[in-house]
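So the structure is just underneath, and the comments pick up after that.
Here, residue 1 is the first one in the sequence, and each next residue gets the next number. Please read these numbers as outputs of a predicted model, since none were measured by experiment.
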Amino acid sequence: MSFSNTELAALSDAEVLARSQKEPDLFAVLVRRYEPALLRRARTILKSPEDAEEAVQDAFTKAYLYADKYRPQEGASFSSWMYTILNRVAYTKYRAKSIERGRRAELLPEHYESLPDSRAEFLEDLSIRNEVIAGLGKERTVKRLQTVLDKIEPIG
């Protein structure tokens, strides 16, 4: 069944959502109505246009999948339901991105060359420790070894 633009404009959001369960193409009406506003909200939360677009797509997907759960409530509009879904999706994505950023530092390619070679430093430290252990001899105690190692100043 096809609708004219006038007929679609006359349908409430709740009616479009309900009818979209039988006619999935109708869901595009809700996307056209809400996408710009939801994108603005998502960009405010996520600060990234790409992440915002992904969050909005996820929110629309959830709205479609859980359309049968929507219940009109007094004092709350359909847009409140959509914004609630978007906020949950966006804040979940924000937390995940924050955790991810905390685990790794983003470096520009030109900075990679200036990074120290940690493996070379480790091998040098290991070599120094082996020399100290060999110099102490087998008769020395672990306590004496710890005392000597505590006195060695780090190189650099």
Side-chain angles (χ1 to χ4, degrees), residues 1-130 142 146 149-156:
M1 179 178 194
S2 67
F3 292 94
S4 70
N5 286 341
T6 308
E7 290 171 322
L8 289 176
L11 292 175
S12 72
D13 296 332
E15 290 172 324
V16 173
L17 182 65
R19 289 184 182 190
S20 72
Q21 295 303 289
K22 291 182 181 148
E23 300 174 58
D25 291 345
L26 281 179
F27 195 76
V29 172
L30 293 175
V31 173
R32 281 193 301 274
R33 287 180 185 176
Y34 286 96
E35 188 174 38
L38 294 178
L39 274 170
R40 283 191 300 275
R41 175 69 180 147
R43 282 188 198 117
T44 300
I45 296 168
L46 296 167
K47 311 291 188 225
S48 160
E50 295 83 15
D51 290 341
E53 287 176 20
E54 188 176 323
V56 170
Q57 288 174 0
D58 290 349
F60 278 122
T61 301
K62 287 180 185 295
Y64 182 77
L65 292 174
Y66 296 105
D68 60 326
K69 307 282 186 214
Y70 174 73
R71 302 286 180 263
Q73 296 179 4
E74 188 177 329
S77 64
F78 175 82
S79 64
S80 300
W81 187 67
M82 279 303 302
Y83 275 104
T84 299
I85 294 170
L86 174 69
N87 285 336
R88 288 180 180 163
V89 168
Y91 282 116
T92 299
K93 184 176 284 300
Y94 177 81
R95 278 192 299 269
K97 291 288 185 181
S98 294
I99 290 168
E100 184 181 317
R101 278 191 293 272
R103 287 190 192 146
R104 62 182 170 88
E106 305 248 349
L107 294 176
L108 298 173
E110 58 266 18
H111 293 140
Y112 286 110
E113 294 174 8
S114 65
L115 290 175
D117 185 356
S118 59
R119 185 168 184 242
E121 289 178 12
F122 170 76
L123 292 175
E124 186 176 332
D125 289 346
L126 185 61
S127 174
I128 292 171
R129 283 195 162 78
N130 286 340
V142 172
Q146 186 60 46
L149 289 176
D150 288 340
K151 291 181 182 181
I152 296 177
E153 292 182 15
I155 298 175

Cut-off 3.5 Å, no hydrogens considered: what does the side-chain donor-acceptor table look like for residues 50-57, sequence neighbours left out?
unit_1	atom_1	unit_2	atom_2	d
Glu50	OE1	Ser48	OG	3.2
Glu54	OE2	Lys93	NZ	2.8

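Between Tyr66 atom OH and Ile85 atom CD1 the span is 10.0 Å, to the nearest 0.5 Å. Note that CZ of Arg40 is 13.0 Å distant from CD1 of Ile45, once rounded to the nearest 0.5 Å. If you take OG on Ser12 and CZ on Arg19, they are separated by 9.0 Å, rounding to the nearest 0.5 Å. For the atom pair CG (Leu38) and CG (Asn87), the distance works out to 9.0 Å, reported to the nearest 0.5 Å.
Between Trp81 and Phe78, the angle of the ring planes lies from 30° to 60°, which puts this pair in the tilted group.
Summarising the geometry of Leu11 relative to Glu15, their closest heavy-atom pair is CA-OE1, 3.4 Å, with the distance given to 0.1 Å. Nearest approach of Ser77 to Tyr70, heavy atoms of both residues: C-OH, 4.1 Å. For the pair Ala63 and Met82, the tightest heavy-atom approach, listed with the atom from each and the gap, is CB-SD, 3.5 Å. Closest approach of Leu17 and Ala67 over heavy atoms only: CD1-CB, 3.5 Å. Contact between Leu86 and Ala59 at its shortest, heavy atoms only, is CA-CB, 3.8 Å.
Within the 4.5 Å cutoff, side-chain heavy atoms of Arg33 are placed close to those of Val16.
Partners of Tyr64 under the ring-ring contact (aromatic ring centres under 6.0 Å, His included) rule, at least two apart in sequence or in another chain, are Phe27.
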